[in-house]
Amino acid sequence: MSKELTSRSEDYSAWYNDIVKKAKLAEHSAVRGCMVIRPHGFAIWEKIQRQLDDMFKETGHVNAYFPLFIPKSFLSREAAHVDGFAKECAVVTHHRLMNDPNGNGIIVDPDAKLEEELIIRPTSETIIWNTYRDWIKSYRDLPLLINQWANVVRWEMRTRLFLRTAEFLWQEGHTAHATKEEGIVESRTMLEVYAEFAEKYMAMPVIKGIKTANERFAGAEETYTIEALMQDGKALQAGTSHFLGQNFAKAFDVKFLNSNNQEEYVWATSWGVSTRLIGGLIMSHSDDQGLVIPPKLAPIHVAIVPIPKPSEEITEVALEIIKKLKAKGIVAKYDDDERNRPGFKFAEHEMMGVPVRLGIGMRDLANQQVEVARRDTKEKSSVSLEGIDVYIENLLEEIQNNLFERAKTYRDEHITKVDTLEEFMEVLEGKGGFIKAHWDGTTETELKIKELTKATIRCIPLDNEPEDGKCILTGNPSVQRVLFAKAY
RNA sequence: CGGGAUGUGGCGCAGUUGGUAGCGUACCUGGUUUGGGACCAGGGGGCCGCAGGUUCGAGUCCUGCCAUCCCGACCA
């Protein structure tokens, strides 16, 4: 491993790529746009999965699994949906290979052409709603609250590890309800779940809001979003929850009998977050020394480094600490690798984002102490061995809070109100971040601003306060400010 | 998909007018070291992105393809 990361100030984009590779989170594969998620990256994803899955279960959802392949005709059932996805799908056309008669390896067997092509799912609304038709007959079958953990494929032209890959892992919730109100409540509930997860576990502050018609999910009546701000001043859409109205129910003819024996179309929602969250995690907290993982998502909380190398006394103390921490649900690893010296290990654990490092040498043991180094601030202090487990437990909580507060302070300092287009451009090119400005509510203006500035409307915040003003582009009346930013 | 750049041991790179591949680091062995990325000695590892072509001879020249990075377009 080379010893240094590109610094953030030098080249933020190169820094991001360096972190992903040097913290061993992921790497490019032999397939265009597809990544190999390495054990360290996948361990973080597993922590994300476990926590979210618990939260989904607590809100009444169950898991199921639907096919990877979708018959081509399904995608054309919902008109807006096909417009939104058709351009970037991988298509399966044949089902068999054969030896090349000319001896050039293996070729696609021309006789094995599929009667109907199969699309590798870019999202599963269609296959799921086709299934729901058979599952939903009565109001007693509702609500149907199902989540799926899966991979999806979107043939993106330009990819970036975790942020936008051709194949990615995600969860997609698909629910069915008897009434419009219930559907809206569900989509709002799941937005709250996402926001809570982002802030409490990822320590990533988010703004909850509604997407404009232009940014809405293909086939949705309303798209709710959580938007986070990265260290370089660009926004990241971290999760979305859609109220789908009756669009998919009508497209797939999913009806139920209500208690008055009348037939009605079902109301739907869908919601998802993906491995993109890991990209958000990286860009919220990490620094020029490497990855910083909030304790609640860290696969390993504490690294214990013997100084200068393992000895009987040090190992004994280290194992005792590990045992005490384990009882508190804290994962500690004793780095007794004799190949590397302490300085190397310090740098390595910092790169990998381990929240707390303990250094134990004979000098410490003579004083019944250990050296505690926290990853977020890089502060070091000597702490008594007595009660070290409680100390670390509290410290992890403090780190978790500090990361959130730090990110929130940065985010709040980078929300700027502007009233003119000149100011808008100036802030966008200078300090960056979110810009709160008046907009006349038309898609035309939104697109024009995007063309002029590259900034998009990230959302209309849910907690927005009404305020009369004039659109920064057209001067037409506006009743509230909306949130603009350049986005990933 | 358009413009630009790149592709050589795991990683980072050098390789001149075409002559049969080298450095740093990592790895293995031995020794000395060890409180912030150790040092010495010895050693192993390369289809030079892939496929064609030119040539007595290609990492080097030509064509096509693949992948990655940057800038656009696209992006739920």
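Just so you know, these numbers use all the heavy atoms, side chains as well, and skip hydrogens, waters and symmetry mates. So you know, we letter chains A, B, ... as the sequences are listed, proteins then strands, and number each from 1.
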For B:C47, the Watson-Crick or wobble counterpart (both distances under 3.5 Å)
none
When the aromatic ring centroids of A:W45 and A:F168 are compared, is their separation below 6.0 Å?
no
Are A:R357 and A:F346 in a cation-pi contact, defined as NZ or CZ under 6.0 Å from the six-membered ring centre and within 45° of the axis?
yes
Can you tell me the Watson-Crick or wobble partner of B:G59, both distances under 3.5 angstrom?
none
Starting at OH of A:Y16, measure out to CZ of A:R8 and round the result to the nearest 0.5 Å.
14.5 Å
Between NZ of A:K345 and CG of A:D335, what distance do you get to the nearest 0.5 Å?
4.0 Å
Mind checking A:K380 for me? I need base, sugar-phosphate or nothing, with any heavy atom below 4.0 Å counting as a touch.
base
Check nucleotides 42-49 of chain B for protein N or O atoms closer than 3.5 Å to its own N or O atoms and list the pairs.
none

Assign a letter to each nucleotide of nucleotides 28-35 of chain B from its 5' end: B, base within under 4.0 Å of a protein heavy atom; S, sugar-phosphate only; -, no contact.
S----BBB
Taking the cut-offs as 6.0 angstrom to the six-membered ring centre and 45 degrees off its axis, would you call A:R341 and A:F344 a cation-pi pair?
no
Report the residue (A:F168 or A:A373) whose heavy-atom-nearest nucleotide on RNA chain B is the more 5′ of the two.
A:A373
A:T442 side chain vs A:T445 backbone, donor-acceptor pair below 3.5 Å:
yes
For B:A41, what is the paired nucleotide under Watson-Crick or G-U wobble rules, both distances under 3.5 Å?
B:U29
Please assess A:R133 against A:T131 for the test side chain to side chain donor-acceptor pair (under 3.5 Å), listing each intermediate value before the final yes or no.
CA-CA 5 Å; A:R133 183 176 55 243; A:T131 308; over 6 Å; no
Sort out the partner of B:C13 for me: Watson-Crick or G-U wobble, both distances under 3.5 Å, none otherwise.
B:G22
Nucleotide forming a Watson-Crick or wobble pair with B:G2, both distances under 3.5 Å:
B:C71
If you restrict it to nitrogen or oxygen atoms, what contacts under 3.5 Å exist between nucleotides 66-70 of chain B and the protein, and what is each distance?
from	atom 1	to	atom 2	distance (Å)
B:A67	OP1	A:R32	NE	3.4
B:A67	OP2	A:R32	NH2	3.3
B:U68	OP1	A:G33	N	2.7
B:U68	O3'	A:H28	NE2	3.1
B:C69	OP1	A:H28	NE2	3.1
B:C70	OP1	A:S13	OG	2.6

Does some side-chain heavy atom of A:T443 sit less than 4.5 Å from a side-chain heavy atom of A:T212?
no
